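Structure record follows, encoded as structure tokens.
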Amino acid sequence: MKTPIYLDNNAATPLDPRVLEEMLPTLKEHFGNPASSTHRFGWAADELVSVARERVASAIGAAPDTIVFTGSASEANNLAIKGLAFAALRSRSAARRIVSVVSEHRSVLEPLDELRAFGFEVKSLPVNGSGELSSENLKDALTPNTLLVSVMLANNEVGALNDVNAAAALSHSAGALFHCDAVQAFGKIRLDLPATSADFVTLSAHKIYGPKGIGCLYIRRPQANQIFALVHGGGHEGGYHAGTLNVPGIVGFGKAAELAAGGLVGEREKLEQLSERLMLCLRSELTGVQLNGPELNRLPGNLNIAFDGVDNARLLRLLSGKVALSTSSACSSKNAAPSHVLQALGFGVQRQKSSVRIGIGRFNTVEEIDFAAAAIIEAVKNIRRG
Ligand code: PLP
């Protein structure tokens, strides 16, 4: 067993060796530009991109021409939100309201904040103490001038799940478009997009054992002028995203998506069993262990736990040689900012400062979970002894 045990799979997942295998030829012989239509190097790269696009689309029950590759999920979120907003400004549409949720990822919240300066009215809905959005609150927030509603499927910090089917239906009945950040849910919860009827969905490769720096936006009905591109140039990706395609990233994303869709049921069960085992171990040996987020019906593999009276920074330092965990999302933990998600759940500073996020993934074993549990128990006891 190799230590430290990696339990931060909500921040990034390790590359699956089968994904790496598929990517390697794109870094060697298949280096061509997929937009080069005059020789076989370009044709080969273009074919690889087509296969990958089909794989990503089929993993979510969508058609290949609905997938726009982007440089990250952050970029896909920005493309959906700012792209729609700027297109609405250009067409002088009266739809100037956007509704979202306080616990969304920063790559949703920040573009929304920026849009206020362009005359958009942004309504951020609260969540309950488990991190879930109420349909009633959403219904009340919808007005005839609502352009877009953006609700994540699974929260990246506390694992809360939202009923995005219901949210999409409510949004549509008010005449608004619906965007869903499904980055964390992809590969763990079945996404059947024709059924959810989301208009836009954001996905990322590096949360499903693919490479970093590649994401996509699913666009249900690609239409001219509906989205204002963030990057203009050579008309790549149907004009939604200019720039020579990241062929290795796209190929890796395609393989990772295929594997995620193929192993969905078994993987979900495994993640749930390992999470339950870890939680049971901690609760059997320690008092004052609180689960942040829902007790049931949460993102498989995600745990967010507060240890009463324990400073999370000290805990992570004590554990650093044995277990790799985080205090919140990767972006917030780098800035040492308080978690806006834990705040949204109504937790004060004390609870926030005693909370850690645990992300169990595909390659973790029972042995690793038992080792991690023992290490956490020992460290918590040490800190509590003072
Ligand atoms: N949305 C959610 C829910 C996430 O968890 C993340 C990454 O942590 C992102 C968006 C951003 O993904 P990327 O790193 O591909 O920009």
Side-chain angles (χ1 to χ4, degrees), residues 6-15 19 56 60 67-83 100-113 124 127 131-133 150-162 164 167 179-189 191 198 200-218 230-231 241 243 246 248-250 252-253 256-257 260 293 298-304 324-335 337 339-342 344 357-361:
Y6 185 71
L7 291 183
D8 199 11
N9 284 278
N10 295 117
T13 48
L15 199 67
V19 171
V56 173
I60 55 173
I67 302 297
V68 172
F69 288 116
T70 58
S72 62
S74 297
E75 203 181 316
N77 282 339
N78 273 263
L79 179 61
I81 293 167
K82 291 197 283 200
S100 190
V101 187
V102 279
S103 53
E104 292 288 315
H105 190 264
R106 293 244 174 247
S107 59
V108 165
L109 297 179
E110 303 238 338
L112 289 177
D113 248 4
S124 258
V127 289
E132 297 144 347
L133 171 69
S150 181
V151 178
M152 71 194 336
L153 176 44
N155 185 270
N156 47 309
E157 292 192 34
V158 297
L161 305 179
N162 286 315
V164 291
H179 167 249
C180 174
D181 175 342
V183 165
Q184 293 286 345
F186 188 30
K188 298 181 197 119
I189 293 170
L191 295 179
F200 307 96
V201 176
T202 295
L203 306 172
S204 183
H206 75 104
K207 311 290 187 187
I208 59 160
Y209 312 92
K212 293 167 192 63
I214 183 76
C216 76
L217 184 67
Y218 156 86
L230 302 183
V231 186
H241 187 264
N246 167 6
I250 290 171
F253 191 6
R298 59 185 293 140
L299 177 66
N302 168 278
L303 292 170
N304 194 310
L325 306 175
S326 61
T327 50
S328 57
S329 73
C331 3
S332 306
S333 65
K334 194 156 188 189
N335 299 333
S339 156
H340 70 282
V341 177
L342 293 180
R357 179 179 70 170
I358 301 176
I360 300 170

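All residue numbers in this chain count up from 1 along the given sequence. This structure is a prediction, so every number in the text was calculated from the model and none was measured. Whatever order the structure lists them in is the order used to number ligands and atoms, beginning at 1.
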Heavy-atom contacts with Ser72 under 4.0 Å: which atoms of ligand 1 show up? List them by number with element.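 Numbered from 1, ligand 1 contributes 15 (O), 16 (O).
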I'd like to know if the side chain of [X] reaches the main chain of [Y], judged simply by a donor and an acceptor atom lying under 3.5 Å from each other, with no hydrogens or angles considered.
X	Y	answer
Ser72	Ile214	no
Asn162	Val164	no
Asp8	Ala324	no
Ser204	Lys207	no

Of all the heavy atoms in Glu104, does at least one lie under 4.0 Å from an atom in ligand 1?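 Not so, Glu104 does not reach ligand 1.
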Run the contact test for Gly215 against ligand 1 with a 4.0 Å cut-off on heavy atoms, strictly below, and give the result.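 No; Gly215 lies far enough from ligand 1 that no heavy-atom distance drops under 4.0 Å.
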Give yes or no for whether the N/O distance cutoff of 3.5 Å, strictly under, is met between [X] and ligand 1.
X	answer
Ser74	yes
Ala73	yes
Glu75	no
Gln184	yes

Counting only heavy atoms closer than 4.0 Å, does ligand 1 sit against the backbone of [X], its side chain, both, or neither?
X	result
Met152	side chain
Lys212	neither
Ser107	side chain

Go through the structure and list residues passing side-chain hydrogen bond (donor to acceptor under 3.5 Å, both in side chains) with Glu104, not counting sequence neighbours.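 Testing Glu104 for side-chain hydrogen bond (donor to acceptor under 3.5 Å, both in side chains), a comparison that skips the adjacent residues, returns none.
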Using side-chain hydrogen bond (donor to acceptor under 3.5 Å, both in side chains) as the criterion, list what pairs up with Ser103, not counting sequence neighbours.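 side-chain hydrogen bond (donor to acceptor under 3.5 Å, both in side chains) list for Ser103, sorted by chain: empty.
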Ser107 pairs by side chain to side chain donor-acceptor pair (under 3.5 Å) with which of Asn78, Thr202, Asn77, Asp181?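 So the option named by the test is Asn77.
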Nearest option to [atom], as decided by whichever heavy atom of [options] sits closest:
atom	options	result
atom 1 (N) of ligand 1	Asp181, Val108, Leu299, Leu203	Asp181
atom 9 (C) of ligand 1	Glu157, His206, His105	His105
atom 15 (O) of ligand 1	Ala76, Ser204, Ala182	Ser204

Measure the CG-OH distance between Leu191 and Tyr218 for me, rounded to the nearest 0.5 Å.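 Result: 10.5 Å between the selected atoms.
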Measure the spacing between CG of Leu325 and CG of Leu7 and express it to the nearest 0.5 Å.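 Nearest 0.5 Å value for the CG-CG distance: 6.0 Å.
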